[in-house]
Student: 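Would you mind keeping the following structure in view while I ask a few things?
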Amino acid sequence: MRSVTDELGPFPDAAGYDEARDRDRDDPLAAFRHRFVIDDPDLIYLDGNSLGRLPATTRDVVDRVIDSEWGNRLIRSWNEGWWDLQLEIGDRLAPLLGASPGEVMISDSTSVNLYKLAMAATSHRSSRAKVVTDDLNFPTDIYVLSGVAAANDRRLEVVETGGFIGAAPEVHRAIDDETALLSLSHTTFKSGFTYDVAAMTARAHDVGALVLWDLSHSAGVIPIDLNGAGVDLAVGCTYKYLNGGPGSPAFLYVRRDLQPLLENPIPGWWGHAEPFAFDLEYRPIQGIRRFHTGTIPVLSLAPIAAGISDLAEAGIVAVREKSVSLSEFLIGQWEHHLARLGFELASPRDPGSRGSHVSLSHEEAWPIARAMVELGRVIPDFRAPDNLRLGLPPLYSSHVEIHTAVQRMKRIVERGLHHGYAGSKPTVT
Ligand SMILES: Cc1ncc(COP(=O)(O)O)c(C=O)c1O
């Protein structure tokens, strides 16, 4: 039996190839691929929804920060740009989120930012007993919200969706005048279902609740209009579609008029009005800085700028158009080549309610995922119990890559090559 490694493609005779080639030929963003470090042309990377690729300019940024800012300028660098770096990058990110300058700050992890903003919001709506989310939310969000509810003597209601499509009507029913906070993932991590931010925010505001969105799977890939929708609060990762690098700090957004009304539940010296007065009494600074706790991680923060500048140049509308083209093409390829092999679509069919990854479920998803990596040279990710997530970051993914990846998957499963790959799972899947 031949291994798929003998035939890595492309596969011009397989259905869909001409369409893939034509879509790539007409792709206005095609040139952006060359801005990323891609040193293994046979490897098809479909996991940029988890960890984005390395932008080529990131190396220069890191070299500059290490060699000249840290190595040469030493502590003087705090007054030569470091002190405001998290705000400067936040302001660059703001247009991609439909936010205004001074409303976005890079800080901490998504989980910690969620904690801070959820605590601040529930304290602000102190007479209300309930926090609402749904069961499609990322587990860390549910853990954090449940901790926030417990700490505040509130109740967390997790709306059951019964599938992979968000339950807008059920969420509508769950939010009432007892609700302090509605917190949802805009694009949900498993199926990629995407909520209507404006509609859900309006509904929460109708009953006087605040809204906190997790934008981790949307930032940098879907146009978001936080100001237009009147969103109160948001958080999100920078290491996915924003290509900030492994463990790069997250962002938080607080609508300007809310900033003076909310209290940071982890007040620290970086959020103090006069941090270098070393006053023992906490007096929060005005503006978004008050949501700071401690010192910013300069080395992992600085590279975020490189990822954002490529996206800003490409334009978020063009990025979204390509994302839809990629996911529509992938779903067409699934229907043609994979559906009869036991793969089911586990993402919304309607592109309007889908983010930039497509999930396929299969009862042997884990060994297939392993065989794709080891034999097929395709990197997806696996989400228990049976989900293969295929991420499609528009700046560096192509339709021919998707076509080739589907052909490799098809050959693996048709030939039963995944059967040898059922072994134990590593920590990160
Ligand atoms: C939707 C969502 N929220 C939160 C997180 C967790 O982020 P962090 O580890 O930065 O706290 C993730 C991680 O992948 C995620 O996908």
Side-chain angles (χ1 to χ4, degrees), residues 46-53 86 89-90 93 97 104-119 131 133-148 156 158 161 164 166 181-195 197 200 211-222 224 231 233-253 265-266 291 293-294 296-297 300-301 303-304 307 346-347 353-359 379-384 387-393 427-429:
L46 300 181
D47 214 356
N49 55 315
S50 247
L51 174 64
R53 276 191 183 272
Q86 72 291 16
I89 298 178
L93 175 57
L97 307 177
V104 179
M105 178 170 80
I106 311 294
S107 134
D108 301 305
S109 64
T110 306
S111 309
V112 171
N113 289 335
L114 192 86
Y115 173 80
K116 287 185 184 179
L117 298 191
M119 280 295 270
V131 174
T133 186
D134 75 357
D135 63 3
L136 300 182
N137 210 345
F138 192 74
T140 205
D141 297 50
I142 310 245
Y143 308 153
V144 166
L145 294 172
S146 120
V148 165
L156 176 65
V158 183
T161 53
F164 57 77
L181 178 68
L182 169 67
S183 184
L184 295 167
S185 280
H186 176 215
T187 297
T188 62
F189 80 106
K190 233 188 217 177
S191 72
F193 170 81
T194 299
Y195 273 108
V197 167
M200 299 306 285
V211 181
L212 166 50
W213 288 100
D214 183 337
L215 305 175
S216 294
H217 287 274
S218 308
V221 80
I222 300 184
I224 302 164
V231 169
L233 305 161
V235 296
C237 304
T238 61
Y239 45 74
K240 300 178 189 293
Y241 297 106
L242 296 175
N243 305 315
S248 55
F251 63 86
L252 58 78
Y253 156 89
I266 319 178
F291 298 98
T293 298
I296 54 167
S300 49
L301 204 154
I304 300 171
S347 287
S353 54
R354 190 174 68 227
S356 202
H357 67 267
V358 170
S359 284
I379 300 189
D381 67 16
F382 168 79
R383 289 293 172 263
N387 242 290
L388 278 172
R389 276 195 322 184
L390 307 172
L392 309 168
T427 309
V428 178
T429 61

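Remember, it's 1-based here, ligands and their atoms both numbered in the order they're listed.
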Student: Any atoms of ligand 1 less than 4.0 Å from a non-hydrogen atom of Ser216? List them with their elements.
Tutor: 1 (C), 2 (C), 3 (N)
Student: Any idea which atoms of ligand 1 are less than 4.0 Å away from a heavy-atom of Asp141?
Tutor: 3 (N), 4 (C)
Student: Hey, what's the ring geometry for Tyr241 with His217, parallel, tilted or perpendicular (30° and 60° as the breaks)?
Tutor: perpendicular
Student: By number and element, which atoms of ligand 1 are closer than 4.0 Å to a non-hydrogen atom of His217?
Tutor: 1 (C), 16 (O)
Student: For atom 12 (C) of ligand 1, which protein heavy atom lies nearest, and how many Å away is it?
Tutor: Phe138 CE2, 3.4 Å
Student: Between the main-chain N or O of Leu136 and the side-chain N or O of Thr188, is there a donor-acceptor pair closer than 3.5 Å?
Tutor: no
Student: Could you tell me the residue and atom name of the protein heavy atom closest to atom 11 (O) of ligand 1, and the distance to it rounded to 0.1 Å?
Tutor: Ser111 OG, 2.5 Å
Student: Testing the basics here: between Ala250 and Asn113, what is the closest heavy-atom pair and its distance to 0.1 Å?
Tutor: CB-ND2, 3.6 Å
Student: Determine, stepwise, if the pair Ser300 / Ser248 fulfils side-chain hydrogen bond (donor to acceptor under 3.5 Å, both in side chains).
Tutor: CA-CA 5 Å; Ser300 49; Ser248 55; over 6 Å; no
Student: Which residue holds the protein heavy atom closest to atom 9 (O) of ligand 1, what is that atom called, and what is the gap in Å?
Tutor: Tyr239 OH, 3.4 Å
Student: Taking Thr140 as the fixed residue, which of Ser109, Ser111, Ser216 is the one that meets the side chain to side chain donor-acceptor pair (under 3.5 Å) rule?
Tutor: Ser111
Student: Would Asn387 and Ser359 count as a side-chain hydrogen bond (donor to acceptor under 3.5 Å, both in side chains) if you check the C-alpha gap in whole Å, the side-chain angles of each, and the deciding distance to 0.1 Å?
Tutor: CA-CA 6 Å; Asn387 242 290; Ser359 284; 3.1 Å; yes
Student: For ligand 1, which atoms, with element, lie under 4.0 Å from some heavy atom of Asp214?
Tutor: 1 (C), 2 (C), 3 (N), 4 (C)
Student: Below 4.0 Å, non-hydrogen atoms only: which portion of Leu114 touches ligand 1? Side chain, backbone, both or neither.
Tutor: neither
Student: Distance under 4.0 Å to a non-hydrogen atom of Lys240: what atoms of ligand 1 satisfy this?
Tutor: 13 (C), 14 (O), 16 (O)
Student: Which bit of Thr110 gets closer than 4.0 Å to ligand 1, counting heavy atoms only: side chain, backbone, both or neither?
Tutor: both
Student: Does Thr187 form a side-chain hydrogen bond (donor to acceptor under 3.5 Å, both in side chains) with Ser218? I'd like the steps, not just the answer.
Tutor: CA-CA 6 Å; Thr187 297; Ser218 308; 2.8 Å; yes
